[in-house]
**Student:** 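Handing you a structure now.
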There are 2 protein chains.
Amino acid sequence: MLLDDQLCFGLYSASRAVTGLYRRLLEPLGLTYPQYLVMLVLWDRGAVPVGQLAEALQLDYGTLSPLLKRLEAQGAVRRVRRPEDERSVLVELTEDGVAMREDARGIPTAVGRAMGLTRDELAETRAVLARLTGSVAAVLATPADG
Amino acid sequence: MLLDDQLCFGLYSASRAVTGLYRRLLEPLGLTYPQYLVMLVLWDRGAVPVGQLAEALQLDYGTLSPLLKRLEAQGAVRRVRRPEDERSVLVELTEDGVAMREDARGIPTAVGRAMGLTRDELAETRAVLARLTGSVAAVLATPADG
DNA sequence: AGCGTTTAGATTGTGCACGATGAAATCGCG
DNA sequence: CGCGATTTCATCGTGCACAATCTAAACGCT
C-alpha cells in the first residue's frame, strides 16, 4: 500500500511530467497540451465534427467545447454549423492553424529525446499502456461492480 | 505526427483511464484520487508537514492547500500549526481518517486486476516509467533550452 | 537589536476533466 | 403528418494542476 510500489502513481507522475515538458515546448505556440492534441487530429484529418474529436481523444463535450472556444478565440480554428445537419459543428483549421504545423514540427522528436528511452522501450511501453487502457476501459464499461 | 503513434498520448489516456477507475472505487469513501494519494502517505508515515506531502506527490502548495482543506472539511485529516515553527503546518489523520484505511484495503488489488497485466509487465512498466519521469524532470530542470 | 533573506504555506487566476443538465435539430414510428 | 426518442453540442459545478503573487515566521549577518 506504499506510494511508489504502485504503477498508478508512476503513471500519474509520468503523465504530469510529460505534460510539463509539453507546456514548455508549446509555450511559444500559445497552445496547451490538450489543444495541441486537437491540432494533431486536425492536421491529420482536416475538418472534423466535435464528436469525432471527442472520440479520437476520448474526451467529452464538457471538456472539448470550452477548449475549442479558446482555440477559436486565438484564431487557430473555426467552428461552423453544418448546413445539412444543424446539430453538428465542424471544426476546421484557419490559415494560422495550418501554419502552426511548421512551428510544431520539432516537438515529437524533442519529446522522444527527453524521455530517454530506447526505440524498443518506447514501442513496448506504448503497447502495454494501450492494453492497460483497454482493459481498464472494459472494466469501467461494466455498469456496477468491477 | 499521428496521435496513436506517440507514447505521450498513450500515457495521457492510460492515466485518465486509471483515474476514472479510482473514481469509481473511491466514490464510496468520498475521496478523489489525489486525496487518496495523500491518505496513502499519511497511513504510511503518520503526521507529516505539507511540504513533505508536496515532495512525496510532486505537487505544489497551490494544489495541495485547497485539497487538504477539503480533506479537513470532510473530517479525514486535521491541520495543526507546529508550535516550534509556526510557519509549518502538520497534517495528521483523524480517527475517521485512520478508519478509512480498512475501507480502502481492497483497492490496490482491484486496480491491479483491472489493468490486466502480468506481474512482470507491471514491474517492468513501473521501472520504465520511473526512468522516463526522471529523464523528463531532468530536462525540465535545465532552465532554458532542452 | 535591526533588517534583509529565506522558508512554509495560502491565495488567485487559468485551463483541463468529468458528471449532470439543458437545448435544438433530426430521426423513427404509428 | 405528429410526436416522442435520439443525436449533437453547450453550459454549469466541482476538483485538480500549475504559475504568480502574497503573508508571516524564522534565520543570518552585522
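A note on names: the letters A, B, ... follow the listed sequences, proteins ahead of strands, and every chain is numbered from 1.
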**Student:** Apply side-chain contact (heavy atoms from CB on, under 4.5 Å) to residues B:L11 and B:L129 and explain how you reach the verdict.
**Tutor:** CA-CA 10 Å; B:L11 217 49; B:L129 288 183; 3.7 Å; yes

**Student:** Checking contacts here: which listed nucleotide (C:dG9, D:dA17, D:dA19) is nearest the side-chain heavy atoms of A:Y12?
**Tutor:** D:dA17

**Student:** How many Å lie between CZ on A:R82 and C1' on D:dT7, as a whole number?
**Tutor:** 12 Å

**Student:** Ignoring backbone atoms, test whether B:Y33 places a side-chain nitrogen or oxygen under 4.0 Å from the OP1 or OP2 oxygen of D:dG15.
**Tutor:** no

**Student:** Charged N to carboxylate O under 4.0 angstrom, B:R81 versus B:E86?
**Tutor:**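 Salt bridge absent between B:R81 and B:E86.
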
**Student:** Please determine if a side-chain N or O atom of B:T63 lies less than 4.0 Å away from the OP1 or OP2 oxygen of D:dA17.
**Tutor:** no

**Student:** Below 4.0 angstrom from OP1 or OP2 of D:dG15, is there any side-chain N or O of B:K69?
**Tutor:** no

**Student:** For D:dC16, take OP1 and OP2 only and decide whether either is under 4.0 Å from a side-chain N or O of A:R16.
**Tutor:** no

**Student:** Name the nucleic acid region contacted by A:R79, choosing base, sugar-phosphate or nothing; use a 4.0 angstrom heavy-atom cut-off, strictly under.
**Tutor:**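 Touches sugar-phosphate only.
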
**Student:** Take atom CG of A:L68 and atom C1' of C:dA17, then tell me their distance rounded to the nearest Å.
**Tutor:** 14 Å

**Student:** Measure CG/A:L71 against C1'/C:dC16 and give the value in whole Å, please.
**Tutor:**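 Going from CG in A:L71 over to C1' in C:dC16 covers 12 Å.
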
**Student:** Indicate the ring-plane relationship of B:Y36 and B:W43, choosing parallel, tilted or perpendicular according to the 30° and 60° boundaries.
**Tutor:**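 Geometry flag for B:W43 against B:Y36: perpendicular rings.
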
**Student:** Considering heavy-atom distances to DNA chain D, does A:L64 or B:L67 have its closest nucleotide positioned more toward the 5' end?
**Tutor:** A:L64

**Student:** Indicate whether OP1 or OP2 belonging to D:dA17 is found under 4.0 Å from a side-chain N or O atom of A:R23.
**Tutor:**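 No.
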
**Student:** In the structure I gave you, are the side-chain heavy atoms of A:L7 and B:V111 within less than 4.5 Å of one another anywhere?
**Tutor:**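 No - every pair of side-chain heavy atoms lies 4.5 Å or more apart.
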
**Student:** What integer distance in Å separates A:E86:CD from C:dA23:C1'?
**Tutor:**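 So the CD-C1' distance, A:E86 to C:dA23, works out to 14 Å.
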
**Student:** For the side chain of B:D60, starting at C-beta, report the closest nucleotide among C:dC16, D:dA10, D:dC18.
**Tutor:** D:dC18

**Student:** Using a cut-off of 4.0 Å on non-hydrogen atoms, how would the nucleic acid contact of B:D85 be classed: base, sugar-phosphate, or nothing?
**Tutor:** sugar-phosphate

**Student:** Look at the side-chain N and O atoms of A:T32 and state whether any lies under 4.0 Å from the OP1 or OP2 oxygen of C:dG15.
**Tutor:**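 Indeed not, no polar side-chain atom of A:T32 lies that close.
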
**Student:** What is the distance, rounded to the nearest whole Å, between atom OH of A:Y36 and atom C1' of C:dG15?
**Tutor:**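 Whole-Å distance recorded here is 19 Å.
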
**Student:** Does the A:T142 side chain pair with the main chain of A:V139, one donor and one acceptor, at a distance under 3.5 Å?
**Tutor:** yes

**Student:** Any Lys/Arg nitrogen of A:R24 or A:E27 sitting under 4.0 Å from an Asp/Glu carboxylate oxygen of the other?
**Tutor:** no

**Student:** Looking at A:S88, does any N or O in its side chain come under 4.0 Å of the phosphate oxygens OP1/OP2 on D:dT7?
**Tutor:**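 Indeed not, no polar side-chain atom of A:S88 lies that close.
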
**Student:** Between A:R81 and C:dA25, is there a side-chain N or O to OP1/OP2 distance below 4.0 Å?
**Tutor:** no

**Student:** What is the distance, rounded to the nearest whole Å, between atom CG of A:L140 and atom P of C:dC18?
**Tutor:** 11 Å

**Student:** Could you tell me whether B:G62 contacts a base, only the sugar-phosphate backbone, or nothing, with contacts defined as non-hydrogen atoms closer than 4.0 Å?
**Tutor:**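 It contacts base atoms.
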
**Student:** Considering only C:dT26, C:dA17, D:dC16, which nucleotide approaches the side chain of B:P34 most closely?
**Tutor:**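 In terms of side-chain proximity for B:P34, the closest of C:dT26, C:dA17, D:dC16 is D:dC16.
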
**Student:** Can you check the B:L90 CG to C:dG9 C1' distance for me, whole Å?
**Tutor:** 13 Å

**Student:** Taking the nucleotide of DNA chain C with the nearest heavy atom to each, does B:P66 or A:Q35 sit closer to the 5' end?
**Tutor:**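 Counting from the 5' end, the first nearest nucleotide belongs to B:P66.
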
**Student:** Out of C:dT26, C:dG9, D:dA17, which has the shortest distance to the side chain of B:V89?
**Tutor:** C:dG9

**Student:** Is any side-chain nitrogen or oxygen of A:Q58 closer than 4.0 Å to OP1 or OP2 of C:dC18?
**Tutor:**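 No, A:Q58 has no side-chain N/O under 4.0 Å of OP1/OP2 on C:dC18.
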
**Student:** Between C:dG9, C:dG15, C:dA24, which one does the side chain of B:S65 approach most closely?
**Tutor:** C:dG9

**Student:** Taking OP1 and OP2 of C:dC18, is either one under 4.0 Å from a side-chain nitrogen or oxygen of A:Y61?
**Tutor:**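 No, A:Y61 has no side-chain N/O under 4.0 Å of OP1/OP2 on C:dC18.
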
